Amino acid sequence: MKRKKQRKIGAKTLRPESLMMSYGYDPALSEGAIKSPIFQTSTFVFRSAEEGKKFFELAYGLREKKPGETMGLIYSRLNNPDIEILEDRLTVWDDAEACASFESGMAAIATTLFAYLRPGDVVLHSVPVYGGTDFLLYRILLEHGVKAIGFRAHEGPEGFRRVVDALGDDRKRVAMVYVETPANPTNALVDIRACAALAKSLGMHNGRRVPVVVDNTFLGPLWQRPLEHGADLVVYSATKFLGGHSDLIAGAVLGAKEWLDPVRTYRTILGTMCGPWTAWLLMRSLETLKLRMTSAMKNARYVADFLADHPKVQRVHYLGHLKEGDPEYELFHRQCLAPGSIVSFEVVGGEAECFRLLNALQLIKLAVSLGGTESLASHPSTMTHSDIAPDDQRAMGITSSMIRLSVGIEHPEDQIADLAQALDAI
Ligand SMILES: *Cc1c(COP(=O)(O)O)cnc(C)c1O
């Protein structure tokens with residue numbers, strides 16, 4: 001199916017936010033509808049048996065595409081207009097060659113890991129990673145003979161190198177480097193470029209290319225673009241900023257076609273693709289992605305400044321507060337485009353004080369997740385990170401006095417008023 005993919009007016013390249021209302025969609029194919037309809041259909045009618053044969057030849061890779069030939073629609077586990085338009089639009093933000101969308105972030109991550117890891121392989125990963133990813137690595141993939149080895153985000157490239165040096169014979173078996181940066185909930189940064197260099201040297205060692213996969217959920221494509229720093233694949237929980245309204249669960253993987261193709265094949269067979277309704281909701285969300293993320297990012301600075309000055313707050317973990325001379329300052333400015341809108345802070349006291357604060361909030365909601373229009377607060381050590389042993393929590397910098405805030409798009413003075421009265425309640 002040929003769809004409109006205009007990215008320029010004359011010599012002028014259009015910005016992603018200008019393309020989100022039109023890119024990849026041709027109204028003439030849908031009765032002139034300004035928005036893509038929801039193609040809530042399982043299968044597509046071929047115009048002729050010959051056409052059906054041709055589509056399958058391309059879908060199954062039985063022959064190469066002829067010049068100008070396009071793939072046709074077959075069946076919604078293989079392709080669907082809403083999913084294709086969504087994927088085209090997502091490639092714009094990360095300037096990626098290709099995208100595959102999924103029905104959840106975990107589906108995106110699991111499909112990617114299964115596409116690249118085999119029994120006997122080793123996956124190196126930053127610590128901490130998202131709880132679901134941790135379970136996938138240490139419970140599910142372990143049962144499939146894959147060994148996961150972590151390196152601590154806050155120890156920087158030296159920590160990574162130490163882990164690699166300690167690998168011994170395992171060094172030959174490294175098949176992927178998996179990175180989550182900034183780390184949740186501490187905002188510790190991992191140097192993507194340094195990981196890419198080490199993956200390259202490991203690949204030379206074991207005679208195969210070792211992909212670097214980056215979970216970019218926390219900063220999103222607005223504030224960090226891992227592909228530009230040497231990542232091979234970038235994964236998202238689209239449930240968070242990309243979706244942005246706390247009303248859907250979805251995921252995405254982006255990168256060069258060559259890296260994405262195995263992930264796509266696994267997706268087709270595992271059936272982890274995104275549905276047309278989810279794809280349609282995400283297209284709606286992408287129209288306001290820049291507005292939402294910019295507003296939340298600006299608000300987060302006001303909130304972080306307020307917290308940093310508050311006598312009942314011991315410490316604020318916010319990328320925007322890094323100062324020249326801080327170990328992560330240079331990396332932040334090299335790798336990130338803005339500090340995002342996740343602010344963690346430690347109150348004076350512990351769990352009891354945190355709970356009093358959380359229970360007193362009136363505007364900010366007490367919930368896990370992040371990246372939605374509304375502000376959310378949670379207590380990582382007893383909620384999202386509660387299955388991590390206390391010693392390991394401490395080593396990661398997660399304390400019982402820590403609260404994680406996902407700053408939303410409410411008026412910042414109202415967000416601060418709510419936090420001020422809740423801090424008074426401690
Ligand atoms: C939420 C999240 C995931 C999992 O995504 P789902 O959409 O919930 O499956 C993965 N990584 C990070 C960093 C997340 O925040």
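Keep in mind that what you see is a predicted model, and the values were worked out from it rather than measured. Whatever order the structure lists ligands and atoms in, that order sets their numbers, starting from 1.
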Tell me whether R315 forms a cation-pi arrangement with F345, defined as NZ or CZ under 6.0 Å from the six-membered ring centre and within 45 degrees of its axis. no

According to salt bridge (charged side-chain N to carboxylate O under 4.0 Å, His left out), who are the partners of D424, at least two apart in sequence or on a separate chain? none

Present, as a list of atom pairs with distances to 0.1 Å, all nitrogen or oxygen contacts under 3.5 Å between ligand 1 and the protein.
| from | atom 1 | to | atom 2 | distance (Å) |
| --- | --- | --- | --- | --- |
| ligand 1 | 5 (O) | S237 | OG | 3.0 |
| ligand 1 | 7 (O) | G105 | N | 2.9 |
| ligand 1 | 7 (O) | S237 | OG | 2.8 |
| ligand 1 | 7 (O) | T239 | OG1 | 2.6 |
| ligand 1 | 9 (O) | G105 | N | 3.0 |
| ligand 1 | 9 (O) | M106 | N | 2.8 |
| ligand 1 | 11 (N) | D215 | OD2 | 2.7 |
| ligand 1 | 15 (O) | K240 | NZ | 2.7 |

Would you mind writing out the side-chain donor-acceptor pairs for residues 349-360 within the sub-3.5 Å range, not counting sequence neighbours?
| from | atom 1 | to | atom 2 | distance (Å) |
| --- | --- | --- | --- | --- |
| E353 | OE1 | G350 | N | 2.8 |
| N359 | ND2 | F355 | O | 3.2 |

Side-chain donor-acceptor contacts of residues 190-199 below 3.5 Å, not counting sequence neighbours, with atom names and distances?
| from | atom 1 | to | atom 2 | distance (Å) |
| --- | --- | --- | --- | --- |
| D191 | OD1 | R193 | N | 3.1 |
| D191 | OD1 | A194 | N | 3.1 |
| D191 | OD1 | R334 | NH1 | 3.4 |
| D191 | OD2 | R334 | NH2 | 2.9 |
| R193 | NH2 | E228 | O | 3.4 |

Would a line drawn from the ring center of Y329 to the ring center of H321 be shorter than 6.0 Å? no

Please confirm whether F114 and Y266 have ring centers closer than 6.0 angstrom. no

